[in-house]
Structure formats: C-alpha cells, structure tokens
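See below for the structure under consideration.
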Amino acid sequence: MIQVGAGMQTESQAISAAEAMQLEDRFGAHNYHPLPVVIARGDGPFLYDTEGRQYFDFLSAYSAANQGHCHPHIIDAFVAQARTLTLTSRAMYNNRLGEAEKFICGFFGYDKTLMMNSGAEANETALKLARKWAYKVKGTAEDKAVVLCAENNFHGRTLAMVSASSDPDARNHYGPFLPGWQQIPFNNLAALEQALQADPNICAYLFEPIQGEAGILIPDEGYLAGVRALCTKYNVLMMADEIQSGAGRAGRMLACDHENVRPDVLILGKALSGGTMPVSAVLASDEVMLTIRPGEHGSTYGGNPLASAVAIASLEVLRDEDLAGNSERMGVIFRERMQELQTRLPFIAAVRGRGLMNAVVIQPMSNGKTAWDVCIALMENGLLAKPTHGDTIRFSPPLVITEEQMLNACDIIEDTLSSFITA
C-alpha cells in the first residue's frame, strides 16, 4: 500500500476499472449483478467512473441519494461531527441524539422515533413494535399476533423480512421461515377487509405505499385512504414502509401525503442520511413506542452521534431546497417524454410513476434484446439505470436534478431506446 500523504493516492484509488471488478469477483460474495462500470466519484445527479467519464445517475443508490451525491451541507455536517464524536453506544446519552429525535419527530409529526441503521433493521423494529403493541395494548393472546403484508413486497433481506416475501429469489433455500405473517394482494381493499374480518389476531398491516422492487407499482387513488380507514375500523396498526418512497422521492415528502394519510408507524431509511451512511428510523405514537422497555430492543450503532447529525442535515436539505416539489415537477417532464416515446416504440409496454420514482416496462424484442441490454446501452451512452424483475427499468435520479439536466437525460434515453428499433 502506498503511504498516504499530501497529493498522494492509495493503491486502491489508483487501480483500473478491470482490477476493481476482478477484486470484487475474487474476494466478494456474488450476491449482486452490477452494471460493468466502476464508479470513483459523485456530484449532484452525476457519477464519474475511474476514467473520469460522467454519467447521469438514474438509480440514486436505490433512492438513498435523493439529495444528490456529496451534498455540501450534508458532507459538512458529516465531517464536522466525525471530527468530534462518532459513537458512544446507547449505554450513555450523547449530545446529538435527542436533538435529532426532536427534529425528526417534529418534521413528520410523531411522538417518538427510534433510530436504527439499515432499512431492514427498521422494518424488524416495526415488526417487534407491532407484536409488543398487540400483546400489551390490544390484548392479543401471547404468541398469536399476525402481521399482514402485501404480495410482491420488499421489506429487506433478513429472515423475518424474507418470511414476508413472495419473491422466490428472496426465499429459496432460506427456510424455515418466521411464522405470524399473512399475505394479501396489494391494492385490494376488499382483500384487506376480508382478512381483517376473518382474524382478530391481526395487529398490523405492513406495506409499501408504492412497491419499489416489484417494479414501481402504484395503487389506485383512494387505496391509501382506504387502508387508513380499515386499520382504524379494526384496531390494527397501519405501518407504512417509506424507506424507498419517502424523503421526497414520490413527489411529496411521503408517498402517503398524496392522500393526506398518516400511518400509525412510519418506517424511513435510505435518503435519511443523504447517501452517506446507514441511518433508518421508526416513528410512532407514545402508545406504540413505549411498549418496548429498556433492554428489550436496541442497536450498538443506532442513534449514534454521526448518524444524528447527518439525519438532521439531510432533512434540512429536503425541506430547504423543496426537493419533493422538484421531484413532482421533474417527474411530470420525465413521464410525458416517456409516454410520447411509448407511442413510437412498440416494445415499451408501460410507463408509470410518481414524482421521480418511475418505471418503463420493456417487452422482449424480436431480436432477443431485453431490459438488461437496454440498461447496458444506456450506460454506454452516459446514463445509469437497472432493471428489476427482468423487464422493468427503474428511473430514479437524485431529486436535485434540474430541468435542463432532465431534458438532456431524456434525450439519452430516447436515443438509446430508438436505436433498438434497428438493432
């Protein structure tokens, strides 16, 4: 390793793209299928590879980088706190956590927040809260609590969360699975009420207001309000996983805001740190949150001073730069361009989205080309996006993207997709 000094690079910073990919293949687990590009730098809506080539980032680290890459306000808060104190554990108080908890609760309108790290960890926390609430408040018989979830959901990769999944890739050879889950169809209020009527042990409905990994599936208008009404009627917790759809991504601060709905339990992550580190949070009322007592749940890194400082700065950027509003405006521009393109390109099966959480569905082409081939071509033309479930390309740029940048990006997408007509 080269010694690090003024103006010097480490060996890892100087390696070629081929070497970087070979190292990951040799020493890393093969649990991802990344695009064949090696990123070395990010700035706003752009990423840069090891050769310095610029790309529009239309993945945003699965919506973790909503505020853009390396936002100065967030990085300044990160660096300042990192130089002072990063970790105490919750064995003692620190001078940043309470400040962050107050800020987050006030920002979203809840009594309490419990800060964790990853999104899956936050969903695990919500599951434990739902069960505690069932036994201590609702009066459910011990070990009988049931949590409803939606088919085609994605709530993380832990065993509890894949126990809730209907995705074979998430479940194969990971059993036995955690009991206490029941699946119902997404975007189906009749199915929700039927389940609630049939089983008084149901204590919560955990769902994504927009299903992200499933291909940006957006429920019908009135679904979120209907979920709220049914959860109230049957005394079950409405638990909204807004890890991907929240923080301005769907054109409102929360996707639930499209119908002015307030979940009983709100789960956040990803962009809560502006793409700098794992930070997640579960928000709820005192009645729900205080069912967990000291020693019954925790995390060494959850609520650490660095995460607390970063979370405040990240939310300040969302608020002060009106990134939810920009998401709404840029999303309209994007979908209008893609819908016009759909009229000319027969292999585009669907265009859907809200805000800057969008999808274009690519039908298999007569020449055998697929959505993956489209994403490779997009990469070669300077835009990064990835397919999910085979045929659906997600387009989710950082919310800081400008109109001029969006139009340029749409030009790249249009030129790339059009090239497949004659490919």
Side-chain angles (χ1 to χ4, degrees), residues 86-94 96-105 107-108 110-149 153-165 177-181 201-208 236-243 246 263-270 272-273 277-308 310-311:
T86 58
L87 182 64
T88 61
S89 85
R90 294 296 306 280
M92 59 200 74
Y93 291 93
N94 71 67
R96 297 310 306 267
L97 176 57
E99 177 189 10
E101 290 169 333
K102 178 182 178 181
F103 190 91
I104 294 169
C105 285
F107 199 93
F108 294 103
Y110 285 83
D111 295 331
K112 294 283 191 294
T113 185
L114 177 52
M115 292 180 67
M116 302 299 285
N117 304 289
S118 71
E121 193 177 13
N123 275 321
E124 291 267 357
T125 299
L127 173 61
K128 292 172 78 172
L129 274 171
R131 290 181 169 187
K132 278 282 190 181
W133 176 85
Y135 302 132
K136 298 181 75 170
V137 177
K138 187 173 181 177
T140 303
E142 193 69 25
D143 294 335
K144 297 297 184 182
V146 173
V147 173
L148 290 180
C149 59
N153 71 72
F154 182 83
H155 298 297
R157 299 287 188 180
T158 62
L159 279 174
M161 293 304 116
V162 301
S163 296
S165 176
F177 297 107
L178 186 74
W181 290 106
N201 290 323
I202 292 171
C203 63
Y205 177 38
L206 173 64
F207 73 107
E208 303 156 88
V236 304
L237 299 177
M238 177 184 179
M239 303 202 304
D241 175 352
E242 294 246 24
I243 292 166
D264 298 299
V265 178
L266 173 65
I267 303 125
L268 300 171
K270 294 190 183 294
L272 193 56
S273 76
M277 61 183 295
V279 181
S280 60
V282 180
L283 292 92
S285 65
D286 285 335
E287 178 188 82
V288 175
M289 191 67 77
L290 295 181
T291 58
I292 290 182
R293 307 305 300 166
E296 295 179 348
H297 184 62
S299 164
T300 299
Y301 275 83
N304 67 76
L306 186 56
S308 298
V310 163

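Remember, it's a predicted structure, so these values are computed and weren't measured experimentally.
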Over all heavy atoms of both residues, which pair between [X] and [Y] is shortest? Give the atoms and the distance, please.
X: Ala126; Y: Val265; value: CB-CG1, 4.2 Å
X: Met161; Y: Trp181; value: CE-CZ2, 4.0 Å
X: Asn94; Y: Gly303; value: ND2-O, 3.5 Å
X: Lys112; Y: Leu290; value: CE-CD2, 4.0 Å
X: Ala134; Y: Ala145; value: CB-CB, 4.0 Å
X: Cys105; Y: Leu283; value: CA-CD2, 4.3 Å

Approximate separation, where rounding is to 0.5 Å, of Met239 CE and Asp241 CG = 9.5 Å
key: Tyr205: partners by ring-ring contact (aromatic ring centres under 6.0 Å, His included), with sequence neighbours left out   =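 If we apply the ring-ring contact (aromatic ring centres under 6.0 Å, His included) test to Tyr205, skipping adjacent residues, the hits are Phe207.
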inquiry  = Looking at Ser163 and Phe177, would you say the former's side chain and the latter's main chain have a donor-acceptor pair under 3.5 Å?
reply    =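 Checking the backbone N and O of Phe177 against the side chain of Ser163, no donor-acceptor pair under 3.5 Å is found.
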request  = Give a yes or no on whether the backbone of His155 and the side-chain of Asn123 come within a donor-acceptor separation of less than 3.5 Å.
outcome  = yes
Student check: side-chain heavy atoms of [X] and [Y] closer than 4.5 Å:
X: Ser285; Y: Asp264; result: no
X: Leu206; Y: Leu148; result: no
X: Ile104; Y: Met115; result: yes
X: Lys138; Y: Val236; result: yes
X: Tyr93; Y: Leu97; result: no
X: Leu87; Y: Leu306; result: no
X: Asn304; Y: Met277; result: yes
X: Ile243; Y: Leu268; result: no

ask   = In terms of heavy-atom contacts, does OH of Tyr301 have more than 12 from other residues, nucleotides or ligands at under 6.0 Å?
value = no
request  = Establish, from distance only, whether the side-chain atoms of Asn117 and Ser299 form a donor-acceptor pair under 3.5 Å.
outcome  = yes
task = Run the salt-bridge test on Glu99 and Lys102 with the 4.0 Å N-O cut-off and return the result as yes or no.
result =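 Salt bridge absent between Glu99 and Lys102.
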key: Results of side-chain contact (heavy atoms from CB on, under 4.5 Å) for Ala122 - residues two or more places apart only   =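 Counting only residues at least two positions away or on another chain, Ala122 forms a side-chain contact (heavy atoms from CB on, under 4.5 Å) with Ile267, Ser280, Val282.
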ask   = Which residue pairs pass the salt bridge (Lys or Arg N to Asp or Glu O under 4.0 Å) test with at least one member in residues 120-133, sequence neighbours excluded?
value =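 Of all non-adjacent pairs touching residues 120-133, those that pass salt bridge (Lys or Arg N to Asp or Glu O under 4.0 Å) are Lys132-Glu296.
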